[in-house]
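Here the structure comes first, spelled out in structure tokens, and everything after it is commentary.
Position 1 is the first residue of the sequence, and the numbers go up from there. When a ligand or atom number is given, it counts from 1 through the structure's own listing order. Everything numeric in this text was worked out from a predicted model, so none of it was measured.
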Amino acid sequence: MEYFLTDQQKTIRDIARGITEEKIIPARAELDEKEEFPWEIIKEIARADLFRVFIPEQYDGLGGGILDLCLAIEELSRGCCGVSISYAAVALGSIPILKFGSEEQKQKYLPQIASGQRLAAFGLTESSAGSDASAMKTLAVSDGTSYLLNGTKQFISNGGEAEIYTVIAMTNPSKGSRGASAFIVEKDTPGFTFGKKEKKMGIRASSTRELVFHNCRIPKENLIGKEGVGFIVTLKTLDQSRPGVAAQGVGIAQGALEEAVAYARQRVQFGQPISSFQAIQHMLADMAIQIEAARALVYAVARTIDSGATNFSEESAMAKVFAGDMAMRVTTDAVQILGGPGYMRDYPAEKMMRDAKIIQIYEGTNQILRNDIISHVYKRKGKRE
Ligand SMILES: Cc1cc2nc3c(=O)[nH]c(=O)nc-3n(C[C@H](O)[C@H](O)[C@H](O)COP(=O)(O)OP(=O)(O)OC[C@H]3O[C@@H](n4cnc5c(N)ncnc54)[C@H](O)[C@@H]3O)c2cc1C
């Protein structure tokens, strides 16, 4: 399908595709097996200026938008979603600064992120506050010049590897969801350490780790926006980042389709390649249809955001849900088409299936996002906007 990308967007896609072919695909099985953070590839991504794509030009970026980011994420995910989440989580951690940060915060942090010199991460989830973020216990107490941070964040992508963390904490628990605030916390701040590193089903090249704050003092200049807007920062950040999660789903599924087609054409049973059986052909056709439908939705939502629209929460959630469910179905079918070898680690299909599962879980589970979507649908009585 012709998506009418700009020359810059085509270049971003081609550069990310090149890194996937040359660096990610040859290394992905080993990174997955060893559960190793892909530092060499991250450095390559930085050298190729891909961390600049979502940063405005005045902060050393390329001035692209969410579509530019999605194109890079999709291509990297085609190779390995463990690598692509390590890249995408930097954007997730940067969005609160980009959208709500002060001029001083932007000037200080965004050029470091754009160059890839320092990675970012986003810390919201806690052991008792997952889907229900308002149950959060991490506290930030002000003494007028600084905040004292105490609490533990769980399952944080890029945890331990990133140097710039945007963290949501309660500044006034009695105000409930209006009592949270967003902060920038730098890695070497005294009182900030890293806890359990998770051993995961998929995206095993990525780091998922606890952030532990024990009397961690952060200057008041590190408050993002003002006190009390932490959940608004969170919701608006996730609205912007979810198309990127959806793009991960599109990329993984694209990789799985390519593996399934290549295998079906060379595997001979009953005297002919299995690609000649209509049952296989229809599975492959359905996979291709679903991928293209998801891609079209992701690009359309990304373009809506880049157009300066202010209300795209529903569409952003729809893209993430649709692409996540699609990626799970397509990768499962890819394993099926490969038969026994599909179940073995010798082929990448089983890894793709393990990786795809996370798309349905993080940045709002697909059930929670369906709850959000139906509230929008009811509000407009099911009608088209
Ligand atoms: C690999 C990985 C990376 C992650 N990276 C980050 C990160 O970088 N930063 C960060 O802050 N967080 C991160 N997370 C956390 C992630 O966003 C949460 O795990 C997710 O939001 C779900 O929260 P939970 O795990 O506590 O599940 P729970 O909220 O306990 O949900 C359990 C189940 O109940 C369902 N459920 C809960 N409430 C409802 C409801 N009202 N209606 C219907 N169903 C419901 C859920 O959909 C789910 O199926 C990451 C998680 C993982 C696994």
Side-chain angles (χ1 to χ4, degrees), residues 31-32 35 37-38 73 77 80-96 119-138 151-170 177 180 182-185 194-213 224 230-231 233-242 244-246 248-249 252 316-317 320-321 324-325 327-328 351 354-375:
L31 290 170
D32 178 67
E35 304 188 39
F37 191 78
I73 293 175
S77 304
C80 174
C81 194
V83 173
S84 75
I85 172 61
S86 310
Y87 169 74
V90 174
L92 174 64
S94 309
I95 292 172
L119 303 186
F122 180 68
L124 170 70
T125 305
E126 299 179 6
S127 60
S128 56
S131 300
D132 180 10
S134 67
M136 157 185 319
K137 293 199 171 66
T138 297
T152 300
K153 296 288 172 184
Q154 189 186 45
F155 298 161
I156 306 307
S157 301
N158 284 352
E161 310 295 337
E163 297 192 39
I164 300 163
Y165 294 81
T166 48
V167 174
I168 312 299
M170 299 304 291
S177 61
F183 298 93
I184 302 167
V185 188
F194 301 100
K196 185 181 174 208
K197 185 167 188 253
E198 303 296 338
K199 294 184 83 66
K200 305 190 290 290
M201 170 196 284
I203 57 164
R204 288 163 51 154
S206 69
S207 168
T208 311
R209 203 156 172 194
E210 280 180 341
L211 315 181
V212 182
F213 303 105
I224 300 176
F231 283 124
V233 171
T234 299
L235 294 176
K236 299 235 176 254
T237 293
L238 295 172
D239 283 349
Q240 298 249 345
S241 68
R242 279 185 188 126
V245 180
Q248 289 169 27
I252 300 173
S316 176
K320 194 269 192 187
V321 169
D325 290 351
M328 201 62 241
K351 172 186 178 302
R354 287 187 280 113
D355 287 354
K357 186 64 206 165
I358 194 60
I359 312 294
Q360 296 176 307
I361 296 175
Y362 59 23
E363 295 202 26
T365 68
N366 280 10
Q367 293 104 311
I368 291 295
L369 295 183
R370 283 186 167 91
N371 291 350
D372 293 346
I373 291 164
I374 196 59
S375 67

Requested in this report: Give the residue and atom name of whichever protein heavy atom lies nearest to atom 8 (O) of ligand 1, and the separation in Å to one decimal.
Outcome: Ser157 N, 3.0 Å

Query raised in the report: For ligand 1, does Asn158 get within less than 4.0 Å through its side chain, its backbone, both, or neither, judged by non-hydrogen atoms?
Result: neither

Query raised in the report: Just heavy atoms, cut-off under 4.0 Å: does Ile203 contact ligand 1 by side chain, backbone, both, or neither?
Result: side chain

Requested in this report: Would you mind listing every salt bridge (Lys or Arg N to Asp or Glu O under 4.0 Å) that reaches into residues 151-166, with sequence neighbours excluded?
Outcome: Arg118-Glu163, Glu126-Lys153

Numbered atoms of ligand 1 (with element) below 4.0 Å of [X], judged on heavy atoms:
X	value
Thr365	22 (C), 46 (C), 47 (O)
Asn371	40 (C), 41 (N), 42 (N), 43 (C)
Glu363	17 (O)
Ile361	20 (C)

Requested in this report: Any chance you could measure Asp372, atom CG, to Gln367, atom CD, to the nearest 0.5 Å?
Outcome: 12.0 Å

Report task. Applying side chain to side chain donor-acceptor pair (under 3.5 Å), name anything that partners Ser206, two or more places apart in sequence or on another chain. Result -> Lys200

Backbone or side-chain N or O of [X] under 3.5 Å from ligand 1 N or O:
X	answer
Ser131	yes
Gln154	no
Ile156	no

Query raised in the report: Would Tyr165 and Phe194 count as a close aromatic pair, with their ring centres under 6.0 Å?
Result: yes

Do any non-hydrogen protein atoms sit less than 4.0 Å from [atom]?
atom	answer
atom 1 (C) of ligand 1	yes
atom 33 (C) of ligand 1	no
atom 30 (O) of ligand 1	no

Query - Ion pair Glu35/Arg204, N-O distance below 4.0 Å - result: yes

From [options] - option closest to [atom] by heavy atom:
atom	options	value
atom 13 (C) of ligand 1	Tyr362, Tyr165, Phe122, Phe155	Phe155
atom 53 (C) of ligand 1	Val245, Thr166, Ile358, Thr125	Ile358
atom 44 (N) of ligand 1	Lys200, Arg204, Lys153, Gln367	Gln367

**Report entry** More than 12 heavy atoms from other groups under 6.0 Å of NZ on Lys197
**Finding:** yes

Query raised in the report: Within the side chain of Ser77, is there an N or O that forms a donor-acceptor pair under 3.5 Å with the backbone of Ile252?
Result: no

